[in-house]
Amino acid sequence: MSETVRASAHLPEPERGMVTTRDGVELETALLTAAEPRDNVIVVASGFTGGWRMEPNRRIASGLLRVADVMSFDFRGHHGSTGESTVGDREIHDLRAVVDHLTERGYTRIVTVGFSMGASVAIRHAALMGGVDAVVAVSGPSRWYYRGTLRMRLLHIGVEHRIGRFFLRMSRNVRVTRHEWDPIPPDPTELAGSVTPRPLLVIHGDSDDYFPVEHAQRIHEAANEPKELWLVPGLRHGESAMTEELVDSIAEWVAERLSTE
């Protein structure tokens, strides 16, 4: 699992744009398109602190382009987008805005592929708002406020304390809200059963240092058919752990689901 996804020197340049959410947040977007028009598109939803400019995200988008156009974007409070991050709560409105925008552009088949925070957003969006034909959730949490690993304890310090939020703003260009969730939204496990009949693919690595594999198992168990669970030996967390082989496997899964709809 050590090979990289693709060399950055050969990554295609996207069409950049802005999309406005219903609560007035401006999201920066990046759309990769094939030479010939297509009606299929994959939306890549990044993990916390991620964004479309980052090399792992761009490599993933490039790898998925062979089966559909690919839209990546920065969640609220991240990089080129306005607003403040709520670390997975109001971000479902960001994904909704992107999906609605793509529908308006004429895409008729839309698949969401989320990583970590983006995985939880993709599941919740499909369950609560719909408008997609399949969901892929990679390295996602099954429940909120998980602190069972060192990585997650450090992340909570980063988002819950002023000095942590200052560090994220200065070092990662991520602006996190100081407000707590009110109300607390349903978690991915609670909503996984509402994703179907859209196909749901849950992917997790047994070397994930943020969320143990039990998170993926809980989501998969809560979901209805059609569903799949891929537990990948040696895979770590999120976009940076993705290999060319795994991206190709996701692309093939998406292509098969779109061809059977």
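Note that the coordinates shown come from a computational prediction; the quantities given were computed from them, not determined experimentally. These numbers come from the heavy atoms of this one structure, side chains and all, not from hydrogens, waters or symmetry mates.
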Novice: With a 4.0 Å cut-off on N to O distance, would you call E214 and R218 a salt bridge?
Specialist: no
Novice: Have a look at Y107 and tell me which of D39, D69, N40 forms a side-chain hydrogen bond (donor to acceptor under 3.5 Å, both in side chains) with it.
Specialist: D69
Novice: Counting only N and O atoms by type, is there a donor-acceptor contact under 3.5 Å from the side chain of R124 to the main-chain atoms of G88?
Specialist: yes
Novice: Quick check: closest heavy atoms across V247 and I60, and the distance to 0.1 Å?
Specialist: CG1-O, 4.0 Å
Novice: Would you call the rings of Y145 and W181 parallel, tilted or perpendicular, where under 30° means parallel and over 60° means perpendicular?
Specialist: tilted
Novice: Between E28 and S81, is any side-chain donor less than 3.5 angstrom from a side-chain acceptor?
Specialist: no
Novice: Does a side chain donor of either S139 or H204 reach within less than 3.5 Å of an acceptor in the other side chain?
Specialist: no
Novice: Find out whether R175 and R165 are in side-chain contact, i.e. whether some heavy atom of one side chain is under 4.5 Å from a heavy atom of the other.
Specialist: no
Novice: Show, in sequence, the C-alpha distance, side-chain angles and deciding distance for S46 and N57, and conclude whether the side-chain hydrogen bond (donor to acceptor under 3.5 Å, both in side chains) test is met.
Specialist: CA-CA 7 Å; S46 302; N57 299 70; 2.8 Å; yes
Novice: Hey, is the main chain of I92 close enough, under 3.5 Å, to the side chain of H125 for a donor-acceptor pair?
Specialist: no
Novice: Give a yes or no on whether a salt bridge exists between E84 and R76, defined as a side-chain N under 4.0 angstrom from a carboxylate O.
Specialist: no
Novice: Which of these passes salt bridge (Lys or Arg N to Asp or Glu O under 4.0 Å) with R236: D208, D209, D206?
Specialist: D209
Novice: In terms of hydrophobic clustering (I, L, V, M, F, W, Y; side-chain heavy atoms under 4.5 Å; direct or indirect links), are V111 and W52 co-clustered?
Specialist: no
Novice: Under the ring pair (Phe, Tyr, Trp, His ring centres under 6.0 Å) definition, can you give me all pairs with a residue in residues 159-180, not counting sequence neighbours?
Specialist: none
Novice: I'd like to know if the side chain of E91 pairs up with that of T86 as donor and acceptor (distance under 3.5 Å, no hydrogens or angles considered).
Specialist: yes
Novice: Can we say R90 and D23 salt-bridge, meaning some charged N sits less than 4.0 Å from an Asp/Glu carboxylate O?
Specialist: yes
Novice: Do E13 and R53 meet the salt-bridge criterion of a basic N to acidic O distance under 4.0 Å?
Specialist: no
